[in-house]
Amino acid sequence: MSTAPVITPHRPRHSARTSAAGRAAEFADDAGLALTHGGRRWHRPLLVLGIACGVVALLSLAAIPFDDRQILGESVWIKSFKFGFSFFTYCLSLAWLLSHMTKLRRTGWVFGTVFAVISAAEVGVIVAAAALGTYSHFNASDDAFNQVVQMAFQFVPVMFLANAAIAVLVLFQRIGDRAVTAVIRWGLLLSSLGMFAAFFIVTVGGQGQRTQTDANGDEIPLNAGHGVGDLDGNGMFLTGWSTTGGDMRVAHFIGLHGIQVLIGLGMLLAFLAVRRAWLRDDRVRAAVVRWSAAGYLGVFATAGWQAVRGQSFAAPDTASLAAYAASVLLAAAGIAVTVAKARKAAETTAAEPAPALR
């Protein structure tokens with residue numbers, strides 16, 4: 001007895017890859033911007049630390065309404081929130097970057113681990129100081145806990161060198177297409193400069209011994225401070241940046257998080273390229289990234305120059321405003337020229353007649 005073949009009716013497959021979002025994700029994956037790419041794994045110690053710091057940031061923020069203790073007019077949990085958020089974003093960015101290295105991956109992994117270990121110690125002592133209601137930075141008291149805190153801070157230069165070493169490794173390899181390579185190289189340059197700016201927080205006008213009261217009412221001797229011209233200053237909301245003097249923390253923050261800004265820009269360009277043919281050339285996207293980074297670098301330099309002059313970021317003078325405007329205009333002009341050339345080239349290519357069939 002013969003058995004008739006079972007005919008399965010044809011059903012059109014609506015794959016996610018056929019949608020605009022699917023095509024965008026596929027393009028980003030090909031460009032090396034996907035969160036997971038191929039079989040590559042993110043740097044595990046940095047990934048774990050990044051997630052932990054994100055939890056620290058959320059818990060610190062949640063504690064503020066329920067804990068009225070303050071230091072210098074702000075919640076004891078503000079600093080742990082800021083550091084938790086900062087390390088959350090940066091550690092995840094670095095973990096992603098290291099997963100995409102094509103050369104010297106073991107060396108990069110070692111430097112990434114060094115960065116993670118020191119970062120964990122730094123965030124840990126800052127959270128502990130916040131929980132105890134006392135100062136972490138600039139604390140000159142001789143109690144045992146503070147000695148541990150200050151010892152942890154002594155390894156910050158090593159953390160900077162580990163990050164700088166990763167930046168140097170990236171210079172000698174191409175990661176993803178030209179746009180992704182530009183994102184990573186410029187991003188690491190900006191972040192390294194941002195870390196380097198932290199060393200100037202104390203050396204540029206931030207010297208002076210004084211006594212301040214902590215959240216427990218204890219008198220704590222402090223040596224140096226954040227402000228230039230006003231050591232403690234009156235901090236801006238949430239950031240704590242001085243409103244009565246210069247503050248190198250502004251340039252430190254801008255530079256440190258430049259890599260996240262450029263990663264976001266690179267992803268945006270990859271998604272836009274799905275519908276805009278002139279953006280599909282990685283040379284065009286790389287040029288947009290480079291011009292954006294150049295403008296961002298100008299903003300970073302201006303913020304540092306503003307702080308060195310003892311001027312609050314919230315009260316820029318005419319010279320500072322002109323420098324900020326010049327940085328933005330430089331980037332805008334470069335991007336405009338790049339886009340105009342790319343669109344013209346795309347239109348020319350589209351207008352060319354198709355080759356005749358023989």
Side-chain angles (χ1 to χ4, degrees), residues 53 56-57 60-61 64 70-91 93 118-119 122-123 125-127 129-130 135-139 149-150 152-153 156-157 159-160 163 189-208 210 212 222-261 296-317 320 323-324 327:
C53 287
V56 166
S60 298
L61 194 62
I64 293 175
Q70 292 190 341
I71 292 180
L72 294 177
E74 64 180 20
S75 171
V76 295
W77 296 107
I78 285 291
K79 179 169 286 190
S80 62
F81 163 72
K82 291 189 294 185
F83 273 80
F85 175 79
S86 181
F87 278 95
F88 162 70
T89 57
Y90 195 78
C91 286
S93 300
I118 298 175
S119 299
E122 183 175 0
V123 174
V125 296
I126 289 172
V127 172
Y135 295 87
S136 53
H137 292 80
F138 315 122
N139 192 329
V149 174
Q150 302 311 314
F153 290 157
V156 171
M159 182 175 66
F160 165 76
N163 187 82
L189 170 65
L190 289 167
S191 67
S192 297
L193 289 174
M195 289 187 186
F196 188 64
F199 295 109
F200 289 90
I201 290 177
V202 175
T203 58
V204 180
Q207 301 293 335
R210 64 214 181 278
Q212 292 283 5
L222 301 179
N223 187 16
H226 291 118
V228 181
D230 188 353
L231 289 178
D232 298 319
N234 296 308
M236 295 170 59
F237 173 71
L238 194 60
T239 64
W241 298 339
S242 178
T243 59
T244 55
D247 200 323
M248 283 298 295
R249 286 178 297 178
V250 181
H252 170 59
F253 178 86
I254 292 173
L256 185 65
H257 294 290
I259 189 169
Q260 286 95 45
V261 173
Y296 196 93
L297 181 61
V299 171
F300 162 79
T302 302
W305 176 55
Q306 194 178 1
V308 168
R309 292 185 292 138
Q311 183 182 109
S312 172
F313 179 69
D317 60 11
S320 296
Y324 282 123
S327 301

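Counting from 1, the numbers follow the sequence of the chain as shown.
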A.B. asks: Does atom CZ of Phe153 have more than 12 heavy-atom neighbours from other groups under 6.0 Å away?
C.D. replies: yes

A.B. asks: Any side-chain heavy atom of Tyr135 sitting closer than 4.5 Å to one from Ile71?
C.D. replies: yes

A.B. asks: Would you find a donor on one side and an acceptor on the other, under 3.5 Å apart, between the side chain of Ser312 and the backbone of Ser242?
C.D. replies: yes

A.B. asks: Where do Ala129 and Ser136 come nearest, in terms of heavy atoms and distance?
C.D. replies: CB-CB, 3.8 Å

A.B. asks: Less than 4.5 Å apart, side chain to side chain, heavy atoms only: is that true for Ile259 and Leu190?
C.D. replies: no

A.B. asks: Under the 3.5 angstrom rule, does the side chain of Gln212 hit a backbone N or O of Leu222 as a donor-acceptor pair?
C.D. replies: no

A.B. asks: Can you confirm whether Phe160 is buried at CZ, in the sense that more than 12 heavy atoms of other residues, nucleotides or ligands lie under 6.0 Å from that atom?
C.D. replies: yes

A.B. asks: Can you tell me how far apart CZ (Phe88) and CD (Gln260) are? Round to the nearest 0.5 Å.
C.D. replies: 9.5 Å

A.B. asks: Compare all side-chain heavy atoms of Trp77 with those of Leu61 and state whether any distance is below 4.5 angstrom.
C.D. replies: no

A.B. asks: Taking only residues two or more places apart in sequence or in another chain, which ones pass ring-ring contact (aromatic ring centres under 6.0 Å, His included) with Tyr90?
C.D. replies: Phe115

A.B. asks: Could you check whether any side-chain heavy atom of Leu297 comes within less than 4.5 Å of a side-chain heavy atom of Leu193, counting everything from C-beta outward?
C.D. replies: yes

A.B. asks: How long is the straight-line distance from CG of Leu72 back to CD1 of Ile78, given to the nearest 0.5 Å?
C.D. replies: 12.5 Å

A.B. asks: Between Tyr296 and Ile254, is any pair of side-chain heavy atoms under 4.5 Å apart?
C.D. replies: yes

A.B. asks: For the residue pair Gly194 and His252, what are the closest heavy atoms and their distance?
C.D. replies: O-ND1, 2.7 Å

A.B. asks: How far apart are the closest heavy atoms of Val56 and Ser80, and which atoms are they?
C.D. replies: CG1-O, 3.9 Å

A.B. asks: Is there a side-chain contact (heavy atoms from CB on, under 4.5 Å) between Gln150 and Val125 once you walk through the steps?
C.D. replies: CA-CA 9 Å; Gln150 302 311 314; Val125 296; over 6 Å; no

A.B. asks: Look at the aromatic rings of Phe83 and Phe87 and report parallel, tilted or perpendicular, splitting at 30° and 60°.
C.D. replies: parallel

A.B. asks: Working to the nearest 0.5 angstrom, can you tell me the gap between Met248 CE and Gln306 CD?
C.D. replies: 11.0 Å

A.B. asks: I'd like to check Asn139 versus Val149 (side-chain heavy atoms, cut-off strictly below 4.5 Å). Are they in contact?
C.D. replies: no

A.B. asks: Considering non-hydrogen atoms only, spot the tightest contact between Thr89 and Ser86 and give its length.
C.D. replies: OG1-O, 2.9 Å

A.B. asks: Can you label the angle between the Phe253 ring and the His257 ring as parallel, tilted or perpendicular, going by 30° and 60°?
C.D. replies: tilted

